Amino acid sequence: MMPTMVLAVELIGTFFFAIAGSLVAVRRGFDIIGSVFLAGVGGLGGGIVRDLILSDTPATFSNPVYFIPVVLSAVLVYLFTPAVKKLHRLVLVFDAGGLGLFCITGTLKALDYGMNPVSSVLLGVSTAVGGGLMRDVIANVTPELFNPRDLYAVPAIAGAGLTSLSWTLGWFSTTLGIITAVLVIATRLAAIKYGWRVPLAAGHWHRQPAAPPGDGPQRNY
Amino acid sequence: MMPTMVLAVELIGTFFFAIAGSLVAVRRGFDIIGSVFLAGVGGLGGGIVRDLILSDTPATFSNPVYFIPVVLSAVLVYLFTPAVKKLHRLVLVFDAGGLGLFCITGTLKALDYGMNPVSSVLLGVSTAVGGGLMRDVIANVTPELFNPRDLYAVPAIAGAGLTSLSWTLGWFSTTLGIITAVLVIATRLAAIKYGWRVPLAAGHWHRQPAAPPGDGPQRNY
Amino acid sequence: MMPTMVLAVELIGTFFFAIAGSLVAVRRGFDIIGSVFLAGVGGLGGGIVRDLILSDTPATFSNPVYFIPVVLSAVLVYLFTPAVKKLHRLVLVFDAGGLGLFCITGTLKALDYGMNPVSSVLLGVSTAVGGGLMRDVIANVTPELFNPRDLYAVPAIAGAGLTSLSWTLGWFSTTLGIITAVLVIATRLAAIKYGWRVPLAAGHWHRQPAAPPGDGPQRNY
């Protein structure tokens with residue numbers, strides 16, 4: 001993909017994650033500064049970690065245009081705050097958009113910097129899930145990544161894997177990238193709607209209650 | 001500012017944040033090792049993140065003198081533990097001191113490393129709020145950054161902005177830096193005393209209870 | 001130590017921490033993806049932070065062999081899930097194994113990269129406690145590092161200090177490294193068994209209840 005197109009896709013992905021971050025701030029009763037901050041962590045955090053691991057100055061800091069979707073999302077969420085009961089669902093939908101775009105751009109940047117194909121997949125997945133994870137840990141809500149009620153990382157792993165494989169084989173194209181992103185987002189949304197799951201961490205799960213009563217201080221939002 | 005002076009200011013700022021970190025450890029019932037650790041995270045965490053983003057070996061590790069205020073704070077807090085009911089207020093006061101100094105030294109270092117003025121402001125603010133945020137997330141108390149009852153980041157944003165602007169225009173001087181730091185600290189303390197606020201993340205906040213009952217597992221300390 | 005031997009020790013340490021991470025995932029009711037993720041954070045997180053501070057591409061990403069113990073641990077824990085009541089104890093035992101190996105390899109790598117002896121100790125300790133801390137913060141359980149009921153960091157500090165001192169004096173050898181690791185692990189396990197402690201963060205601890213009732217949202221797992 002051309003650099004301008006990659007930048008455009010990254011800005012759109014940042015915007016999706018930033019909206020999700022601002023919505024989490026609303027749900028937790030934070031103020032507008034907290035909204036900007038969670039939008040920034042969610043939208044930019046995954047890419048910053050990726051760039052630090054690649055020994056590169058984070059794109060976010062070398063090019064301040066990345067801050068525009070962050071501030072924009074906090075303003076939009078302030079102006080058009082949805083009803084509380086729709087908040088959780090909306091966070092998941094916007095989060096899915098960011099997940100689908102970042103698993104591809106993250107993998108491509110890692111490959112472009114000479115990472116091996118396996119590490120590139122892992123760095124792509126880290127880019128995709130890292131911002132949302134930091135957002136949830138900082139806001140003290142259970143990370144969606146750990147929610148055993150639907151798939152979260154699996155579509156991102158598949159998307160990053162397909163991207164790394166096709167790039168290594170010389171088959172990657174902009175069209176394939178767009179199709180992959182759409183498939184990742186669609187799979188994630190279907191997983192939410194239909195409750196697709198993977199097995200629990202414990203094999204004998206019938207002996208392990210998934211949510212021990214009174215056990216966890218966190219909750220879903 | 002001369003390097004020696006910057007180092008002195010950074011050590012004082014580290015000491016302020018380190019005292020705040022040790023007080024959080026007391027409040028949470030941690031031991032003396034936990035006190036040193038939270039002092040270190042609070043006092044050094046923001047600068048470490050700044051230096052990693054600037055692709056520089058963190059100053060903390062190239063010059064071990066930074067660990068002196070960290071260990072000193074844990075010893076002082078051990079010897080002169082304040083009454084529990086004063087703990088929260090004292091954390092905020094020392095935290096304000098670190099905030100005021102680090103928003104200026106963080107911005108100056110970013111400018112010195114060739115960052116653009118906008119990113120330098122953001123990196124200065126990250127330096128100022130980063131250590132306290134990590135401290136609070138690790139100790140599992142609600143970060144002051146997200147407390148909607150008073151301003152936290154706004155004075156630091158103003159201080160970093162003024163520093164970046166005056167430096168870019170060639171007007172920055174040690175005197176201006178000191179005046180800015182004093183103003184940031186005074187504004188932060190006044191915000192705590194008088195409860196100055198910014199709007200909530202949600203525009204129709206009358207429909208969004210700021211603290212849904214039974215909603216958040218965290219608390220202020 | 002020869003590079004191959006360091007790699008072998010790091011892989012064993014990663015495996016210990018990865019098992020501990022997967023067991024935390026079981027205890028919190030996460031799915032198999034969450035198990036792999038917590039295994040990765042616990043097993044690789046400390047080393048990634050160390051390598052970022054050393055301005056090196058994290059070994060984890062330049063050599064994908066590090067991911068084998070991570071995936072293996074999630075599979076093993078899935079197949080042989082222990083009874084719930086043994087989980088906490090097992091997490092501590094495997095965690096002790098990682099702690100003992102990483103405080104030495106972390107210190108050696110820092111010295112090898114030209115860090116001064118004091119900072120090398122701190123970086124070694126960060127490598128040893130960093131992964132477990134991130135694992136616990138992300139999974140929202142009280143970090144063992146802050147548990148005032150037994151020593152956690154002290155054996156790692158002693159092991160890193162001894163390694164740095166002997167290396168600086170030219171006395172370090174593979175045999176000494178192995179003896180140090182065994183002593184660190186044995187001390188940590190004895191501290192768990194016999195409840196060895198250090199003083200609380202507060203000097204007048206008789207006036208500071210260690211666990212204010214209803215105060216902390218977290219719990220030990």
Side-chain angles (χ1 to χ4, degrees), chain A residues 21-41 44 48-49 51-68 70-71 73-84 87 134 136-142 216-219 221, chain B residues 49-56 110 113-123 125-126 129-130 133-134 136-138 140-157 196-212 214-219:
Chain A
S22 291
L23 292 172
V24 171
V26 170
R27 187 65 191 76
R28 295 282 280 121
F30 296 160
D31 63 24
I32 189 84
I33 297 287
S35 178
V36 172
F37 190 86
L38 281 190
V41 167
L44 307 173
I48 290 175
V49 168
D51 291 350
L52 289 179
I53 288 174
L54 292 173
S55 303
D56 189 25
T57 300
T60 302
F61 286 95
S62 49
N63 186 355
V65 73
Y66 279 95
F67 294 108
I68 293 175
V70 168
V71 173
S73 80
V75 171
L76 284 177
V77 166
Y78 179 83
L79 294 176
F80 307 103
T81 308
V84 168
L87 275 175
M134 281 191 260
D136 289 348
V137 168
I138 290 174
N140 205 30
V141 295
T142 301
Q218 295 191 326
R219 67 201 158 64
Y221 47 103
Chain B
V49 168
R50 174 201 62 200
D51 291 349
L52 288 179
I53 288 174
L54 292 173
S55 304
D56 189 24
Y113 272 66
M115 277 271 165
N116 63 69
V118 173
S119 295
S120 295
V121 171
L122 289 152
L123 210 44
V125 174
S126 302
V129 308
L133 178 66
M134 281 191 262
D136 290 348
V137 168
I138 290 174
N140 205 29
V141 296
T142 301
E144 279 304 318
L145 180 59
F146 297 137
N147 185 347
R149 284 196 298 274
D150 56 53
L151 300 180
Y152 185 83
V154 172
I157 294 168
W196 293 345
R197 300 167 187 226
V198 291
L200 290 180
H204 348 190
W205 56 269
H206 55 280
R207 282 176 29 214
Q208 308 275 4
D215 200 20
Q218 294 192 327
R219 68 201 158 68

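Because the structure is a prediction, the values reported are computed rather than measured. Letters A, B, ... are given to chains in the order of the sequence lines, protein chains preceding strands, and every chain is numbered from 1.
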Side chain from CB out, backbone as N, CA, C, O: work out which of these in B:Leu151 comes under 4.5 Å of a heavy atom of chain A, or both, or neither.
neither
Closest-packed option against chain B by number of heavy-atom pairs under 4.5 Å, given A:Asp51, A:Leu52, A:Val75, A:Val36
A:Leu52
Pairwise distance CZ(B:Phe146) to CD1(A:Ile138) - rounded to 0.5 angstrom
6.0 Å
All N/O donor-acceptor pairs, side-chain side in residues 53-61 of chain A, below 3.5 Å, sequence neighbours left out:
unit_1  : atom_1 : unit_2   : atom_2 : d
A:Asp56 : OD2    : A:Lys109 : NZ     : 3.2
A:Asp56 : OD2    : A:Tyr113 : OH     : 2.8

Chain A shares the most heavy-atom pairs under 4.5 Å, among B:Ser119, B:Ala110, B:Gly114, with B:Ser119
Using every non-hydrogen atom in the two residues, find where B:Pro148 and A:Asp31 come nearest and quote the distance to one decimal.
CA-OD2, 3.9 Å
Please name all residues satisfying ring-ring contact (aromatic ring centres under 6.0 Å, His included) with B:Tyr152, sequence neighbours left out, ordered by chain then number.
none
Please rank B:Leu123, B:Val129, B:Leu145, B:Leu122 by heavy-atom pairs under 4.5 Å with chain A and give me the top one.
B:Leu122
Counting C-beta onward and ignoring hydrogens, is there a side-chain heavy-atom pair between B:Ile157 and A:Ile33 closer than 4.5 Å?
yes
Which bit of A:Phe67 comes within less than 4.5 Å of chain B, counting heavy atoms only: side chain, backbone, both or neither?
side chain
So for B:Val118, is it side chain, backbone, both, or neither that comes closer than 4.5 Å to the heavy atoms of chain A?
side chain
Is B:Val154 in contact with chain A via its backbone, its side chain, both, or neither, using a 4.5 Å heavy-atom distance?
side chain
Could you pull out the closest heavy-atom pair between B:Gly203 and A:Thr81, with the gap in Å?
N-OG1, 3.0 Å
